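What you see is a predicted model, and the numbers here were worked out from it, not measured in a lab.
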Amino acid sequence: MPSASGTTPGKLPFVVWVLAAGTFLMGTTEFVVAGLLPELAGDLGVSVSHAGLLITAFAIGMIIGAPTMAMATLRLPQRQTLVLALFVFCLGHLVAALSTSFSVVLIARVVTALATGAFWSVGFVVATSAAGPRNATRATGVMIGGLTLANVVGVPIGSFAGQFTGWHGPFWALAVLSGLAAAFIGRFIPVQEERAEVSLRAEVRALRQGRLWLALAAAMLIMGGVLATYTYVTPLLTDRAGIPTGAVPLVLIAFGIGALGGTTTGGRLGDRRPMVTTITAAAATALVLLLMIPLSGNPVTATLLVFLMGLTGFTVNPVVTALAMRFAGDAPTLTSALTTSAFNTGIAAGSAVAGTALDSSLALTGPPLVGTVIAALTLLPLSALAVHGTSRKGRIVARSSASMRTPHDEPSQVSSQH
C-alpha cells in the first residue's frame with residue numbers, strides 16, 4: 001500500500017538514486033586529487049606539497065559553501081538550486097581540465113566546492129522528502145552511501161584512469177557525468193514543490209548549545225587527522241613503501257573499503273554506545289597513524305595501515321554527526337551544513353599542516369605524524385561530551401517535522417558526510 005508520499009514502503013523514488021549519484025560524483029572529485037598529486041604537480045609545474053593545496057582549497061570552499069548555501073537556498077525552488085549547482089560543478093571541471101595554470105585550477109576547485117555545498121544541503125532535503133516518512137532513513141543511507149562509495153570506487157578508478165590519460169581525464173569524466181546528472185535531476189524533480197515554513201532564527205538558536213560545538217569539534221579533528229595523512233598517501237606509498245605507481249589505486253580501494261566499513265560500524269554501534277564507540281575509534285585512529293611512521297616502509301604493512309586508517313577514522317563520523325543532529329532538535333538544517341563545514345575544516349587544516357611537514361626534515365613521515373597529533377586531540381571534545389552526557393532531556397520535536405524537510409528527529413537517520 002503506497003505511503004502518503006506516493007512511494008511503497010521499502011521502495012525508493014528514482015530521484016533518490018539520482019541524487020545519490022550526484023553525491024558519488026562530488027565525493028569522488030574531493031578526494032581523487034590525492035591519487036593524482038604527482039601527475040598534477042608535474043604538469044602544473046609545482047611541488048607535490050603545493051599541489052596538495054587543491055584538496056585544501058576544495059575543503060575551504062565546502063566550509064564556506066555548505067552553511068552559506070543552506071541558508072541562501074532555504075526558500076528557493078529545490079529543482080532550480082540542484083540543477084544550477086550541478087551546472088556550476090560541471091563548468092568548474094571543464095575549466096580545470098582545459099587549464100595549464102595551477103592558479104586557475106585552484107580557483108575552479110573552490111567554485112566547484114561551493115556548488116557541492118549547495119547540492120548537498122538541498123539534495124539531502126529533497127531525497128528524504130521524496131521518499132516519505134516511512135522510507136526517509138533508507139533514503140538518507142543511500143545518499144550517504146553514494147559519498148562513501150566514492151572512496152571505494154570513484155577515487156581508485158579516477159586515480160587509475162589518470163595514469164593513462166593524465167589528470168585531465170578524470171576531470172573531463174566528472175564534467176560529463178555531472179552534466180548528465182543535471183539532466184536527470186531536471187527531469188525527475190517536479191517544477192512545483194511544497195516548501196515547509198522555515199525559520200532562520202530557530203536554526204541559529206539551535207547553535208547555542210555547547211555540546212553541539214563539542215560534537216562539531218570532534219568531527220573536525222578526526223577528519224583532519226585522517227586527511228592529513230591521506231592527502232599525501234601516494235608519495236608515501238610509492239617513495240617509502242616501494243609500491244608501484246600502478247598499484248596505488250588498489251591501496252586506495254583498501255582505504256575506501258575500510259571507510260565504508262567504518263561508516264557502517266559507527267552507524268550500528270553509535271546509537272547504543274556513542275561515547276564508547278567514538279573514544280575507542282579515535283584512540284585507535286591515532287595509534288594506526290602513529291604506527292604508520294615506522295611501519296610504512298613495507299608495502300604489506302603500509303597497505304594494512306591505510307585500510308585501518310579508513311576503518312577507525314570513519315567510525316567516528318556518523319556518530320558525531322548524529323549527536324550534532326540530536327542536539328539541534330527540530331532546527332537541523334544549519335547544523336547539518338555546519339557538520340559538513342567541520343569535516344572540511346579538518347581536511348583543509350590537516351592537509352595544509354601536513355604539506356608543511358612534508359617539506360620539512362620529517363619528509364614523508366611528516367603527514368602521518370601531523371595526523372597522529374590531530375587524531376589524538378579528538379579525544380578532548382569526546383571526553384568532554386562523555387562527561388556532559390549526550391541525551392537531550394525534554395527535547396520537543398514538532399509532529400509535522402517528519403513530513404517536512406529531513407528526518408532529523410532520530411539520530412540513527414543521520415550518517416557521516418566526509
Side-chain angles (χ1 to χ4, degrees), residues 24 27-44 46-56 58 105 148-174 225-262 288-289 291-314 347 350-351 354-355 357-359 363-368 370-371 418:
F24 172 82
T28 299
T29 200
E30 181 165 13
F31 299 118
V32 73
V33 171
L36 301 172
L37 279 185
E39 291 83 0
L40 279 159
D43 194 44
L44 298 176
V46 297
S47 66
V48 172
S49 61
H50 198 65
L53 291 175
L54 294 173
I55 294 177
T56 305
F58 192 95
V105 175
T148 307
L149 192 63
N151 284 303
V152 183
V153 179
V155 172
I157 289 179
S159 300
F160 184 75
Q163 295 174 16
F164 294 93
T165 65
W167 64 269
H168 300 83
F171 277 69
W172 279 111
L174 286 164
V226 173
L227 266 295
T229 305
Y230 183 78
T231 298
Y232 300 102
V233 73
T234 297
L236 181 76
L237 295 173
T238 55
D239 298 346
R240 182 171 170 80
I243 295 176
T245 302
V248 169
L250 298 177
V251 182
L252 299 182
I253 290 175
F255 174 84
I257 293 173
L260 186 61
V288 167
L289 295 176
L291 290 175
M292 196 171 286
I293 297 173
L295 300 181
S296 59
N298 180 280
V300 176
T301 55
T303 301
L304 177 61
L305 288 170
V306 169
F307 166 77
L308 292 175
M309 177 175 67
L311 179 66
T312 57
F314 277 73
I347 293 172
S351 60
L358 181 68
D359 288 335
L364 293 172
T365 60
V370 171
H418 292 277

Practice prompt. Might you point out which heavy atoms bring G35 and S159 nearest each other, and give the distance in Å?
Written response: CA-OG, 3.4 Å
Worksheet item: Can you name the nearest heavy-atom pair linking T303 to P299, along with the distance?
Response: OG1-O, 2.8 Å
Worksheet item: Which residues satisfy the side-chain contact (heavy atoms from CB on, under 4.5 Å) test with D43, sequence neighbours excluded?
Response: W167, H168
Discussion item. S296: which residues meet the side chain to side chain donor-acceptor pair (under 3.5 Å) condition with it, sequence neighbours left out?
Written reply: R240
Discussion item. Which heavy atom of T229 sits nearest to which heavy atom of G371, and what is that distance?
Written reply: OG1-CA, 4.1 Å
Worksheet entry | Contact summary for Q163 and G246, nearest pair of heavy atoms | OE1-CA, 3.3 Å
Worksheet entry | side-chain contact (heavy atoms from CB on, under 4.5 Å) partners for L311, two or more places apart | F307, L308
Worksheet entry | Candidate list I293, L291, N298, test side-chain contact (heavy atoms from CB on, under 4.5 Å), partner L295, passing option | L291
Discussion item. Going by side-chain contact (heavy atoms from CB on, under 4.5 Å), name the residues that satisfy it together with A259, two or more places apart in sequence or in a different chain.
Written reply: F314
Discussion item. Checking T56 now: which residues fulfil side chain to side chain donor-acceptor pair (under 3.5 Å) with it, not counting sequence neighbours?
Written reply: S351
Worksheet item: Is there a donor-acceptor contact under 3.5 Å from the side chain of E39 to the main chain of G162?
Response: no
Worksheet item: Is there a side chain to side chain contact (heavy atoms under 4.5 Å, CB included) between L37 and T234 once you walk through the steps?
Response: CA-CA 8 Å; L37 279 185; T234 297; 5.6 Å; no
Fill in: Pair I347-F58, side chain to side chain contact (heavy atoms under 4.5 Å, CB included): steps then yes or no
CA-CA 9 Å; I347 293 172; F58 192 95; over 6 Å; no
Worksheet item: When rounded to the nearest 0.5 angstrom, what distance separates OG1 in T165 from CZ in F160?
Response: 10.5 Å
Worksheet item: With sequence neighbours excluded, what pairs up with L250 under the side-chain contact (heavy atoms from CB on, under 4.5 Å) test?
Response: I253
Discussion item. Tell me every residue that passes side chain to side chain donor-acceptor pair (under 3.5 Å) with S49, counting only those two or more places apart in sequence or in another chain.
Written reply: S47, D359
Response to the item:
For A228 and P367, the nearest pair of non-hydrogen atoms, with its separation, is O-CB, 3.4 Å
Practice prompt. Check the pair L252, V233 against side chain to side chain contact (heavy atoms under 4.5 Å, CB included), reporting the backbone distance first and the verdict last.
Written response: CA-CA 9 Å; L252 299 182; V233 73; 4.0 Å; yes
Worksheet entry | Exercise: identify the closest heavy-atom pair between L36 and G158 | CD2-O, 3.9 Å
Worksheet item: Between M292 and V306, is a side chain to side chain contact (heavy atoms under 4.5 Å, CB included) present by the stated rule, with each step listed?
Response: CA-CA 8 Å; M292 196 171 286; V306 169; 4.3 Å; yes
Discussion item. Quick check for you: to the nearest 0.5 Å, what is the distance between Y230 atom OH and L236 atom CG?
Written reply: 13.0 Å
Discussion item. Going by side-chain contact (heavy atoms from CB on, under 4.5 Å), L40 matches just one of V48, V33, V46. Which one?
Written reply: V33
Fill in: Check: V226 and F255 side chains under 4.5 Å, non-hydrogen atoms
yes
Discussion item. I'd like to check the side chain to side chain donor-acceptor pair (under 3.5 Å) partners of T231; sequence neighbours left out, ordered by chain and number.
Written reply: none
